[in-house]
Amino acid sequence: MGNCKSGDGSQRLTQKTPAGGCPHQLYIRWTPKSPLYPLIKHSGLNIRDWQDAIIVNQVGKRFYNELESGYPNGSHEGFFKDGKPYVHGDWRNTTRKPFRPRNYIDAALVLNEGSAEPDFSAGPQWAIFDAKALERENITLTPGICDPELFFEADTLEALAAKINTSPWQKWKMDGKVLAESVARYNTFVKAGKDEDFDKPAPQYAIETGPFYAAWATFAVHDSYAGLRIDKDCRVVDLSGKPIAGLWCGGESAGGSSQHGLGRCITQGYIIGQRVAALK
């Protein structure tokens, strides 16, 4: 539903992903048939259409257009302003791309929205939806599908907020009245066909049929461009560029703007494995 602890999440987003209510996924949903499932324990939910849910922060306030992408900066996707194609290696490509920042992180982590000393963390975000949404999404809540610390069900929104407050990841006590007010306001946008707060295109479905649900939908940042400096053999080097004996590094913990994800960690892990094996 939304990004879980390792992720919302969601759906089309780095910050919000299609799955939620469980701790161990970003874009991948682990099923009981996976050999990793005994470690993962929960497969989570998959919401296909974010017209079926809203996102609130840990104090129960909505803060974003749920249909919008969540990348914090403008992206390379889409068309250029002049309608001409991308030209490989041409520095002017970026000048032809309309800048369209989409700052989900900034919106989710607004200070004074439940933040407090010493870390001023704004806490998790939650996807809120109702029984009708489950029907539209054709979701069956089978036992064990979601982490009980990250997914909650209640007959009223006030009771739902109380259950959210039992999550160990909730740093601020959500006021049930605030959550109910957020949902009620969103429902007025559905009736009017216009989101006056965050410009969600033509909100379609009111959240009004109990039971009500809350699923962990917190973003997860899964890319890193900072890290330890390495050479071509994945040996960690010091400030003068000299390899440090016996120390290797690969994957996202290694610095540099190279390929990320499995391609990077598998390749660099293979290199490290070869080098370490050759020492024996």
Side-chain angles (χ1 to χ4, degrees), residues 1-31 34-44 46 55 68-77 94 101-109 119-125 147 149-150 168-169 216-279:
M1 209 347 300
N3 196 350
C4 296
K5 197 162 54 183
S6 66
D8 177 54
S10 139
Q11 87 284 51
R12 326 167 183 108
L13 312 183
T14 297
Q15 291 74 26
K16 295 201 314 287
T17 66
C22 66
H24 296 293
Q25 71 228 30
L26 188 61
Y27 293 108
I28 300 174
R29 296 184 68 221
W30 303 99
T31 68
S34 168
L36 292 179
Y37 191 79
L39 299 175
I40 304 304
K41 297 181 180 179
H42 310 286
S43 58
N46 187 11
I55 298 288
E68 181 59 271
S69 177
Y71 290 96
N73 302 307
S75 78
H76 62 279
E77 301 169 353
T94 55
R102 294 162 289 182
N103 295 311
Y104 179 90
I105 293 180
D106 289 349
L109 301 183
D119 56 1
F120 293 97
S121 171
Q125 297 91 61
D147 189 325
E149 293 183 346
L150 300 174
W169 307 102
W216 176 275
T218 302
F219 65 86
V221 178
H222 64 89
D223 288 3
S224 174
Y225 295 106
L228 298 176
R229 183 183 177 189
I230 61 175
D231 63 11
K232 64 181 179 61
D233 292 316
C234 296
R235 298 177 297 179
V236 178
V237 300
D238 60 22
L239 294 178
S240 63
K242 181 180 178 181
I244 300 174
L247 186 59
W248 288 266
C249 182
E252 301 291 345
S253 59
S257 300
S258 60
Q259 174 67 38
H260 66 79
L262 289 176
R264 177 175 178 176
C265 69
I266 291 174
T267 300
Q268 293 178 336
Y270 177 77
I271 292 172
I272 294 171
Q274 282 190 319
R275 301 301 183 267
V276 173
L279 297 177

Peer 1: Could you state the interatomic distance from NZ (K41) to CG (D147), rounded to the nearest 0.5 Å?
Peer 2: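 That separation rounds to 9.0 Å.
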
Peer 1: Specify the closest pair of heavy atoms between Q125 and T218, including all atoms of both residues, with the distance to one decimal.
Peer 2: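 Smallest heavy-atom distance, with atoms named: N-OG1, 2.9 Å.
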
Peer 1: Under the 3.5 angstrom rule, does the side chain of E252 hit a backbone N or O of G250 as a donor-acceptor pair?
Peer 2: no

Peer 1: Between R264 and A254 (side chain of the first, backbone of the second, donor and acceptor by atom type, cut-off under 3.5 Å), is there such a pair?
Peer 2: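 Checked: pair present.
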
Peer 1: So which heavy atom on L228 is nearest to which on V236, and how close?
Peer 2: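 Answer, listing the atom of L228 first, then V236: CD1-CG2, 4.2 Å.
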
Peer 1: With side chains defined as the heavy atoms from C-beta onward, is the minimum distance between P168 and E149 less than 4.5 Å?
Peer 2: yes

Peer 1: Please confirm whether the backbone N or O of G227 pairs with a side-chain atom of S253, one donor and one acceptor, at under 3.5 Å?
Peer 2: no

Peer 1: Quick check: does any side chain N or O of Q268 sit under 3.5 Å from a backbone N or O of G251, one acting as donor and the other as acceptor?
Peer 2: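 Judged by distance alone, yes, a pair lies under 3.5 Å.
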
Peer 1: Using side-chain heavy atoms (C-beta onward) and a distance below 4.5 Å, is V276 in contact with W248?
Peer 2: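 Yes, their side chains come closer than 4.5 Å.
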
Peer 1: Does any non-hydrogen side-chain atom of L150 lie less than 4.5 Å from one of W169?
Peer 2: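 Touching, per the 4.5 Å side-chain cut-off.
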
Peer 1: With a 4.5 Å cut-off on side-chain heavy atoms, are P243 and D231 touching?
Peer 2: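 Yes, their side chains come closer than 4.5 Å.
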
Peer 1: For the atom pair SG (C234) and CG (L247), what is the distance rounded to the nearest 0.5 Å?
Peer 2: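 C234 SG to L247 CG: 11.5 Å, rounded to 0.5 Å.
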
Peer 1: Crowded around L279 CG? As in, over 12 foreign heavy atoms under 6.0 Å?
Peer 2: yes

Peer 1: Is any NZ, NE, NH1 or NH2 atom of the basic residue among K242 and D238 found under 4.0 Å from an Asp or Glu carboxylate oxygen of the other?
Peer 2: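 Judged by the 4.0 Å cut-off on N to carboxylate O distance, K242 and D238 do not form a salt bridge.
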
Peer 1: Is it true that atom OH of Y270 has more than 12 heavy atoms of other residues, nucleotides or ligands lying nearer than 6.0 Å?
Peer 2: no

Peer 1: Please round to the nearest 0.5 Å and tell me the distance separating atom CD1 of I271 and atom NZ of K232.
Peer 2: 9.0 Å

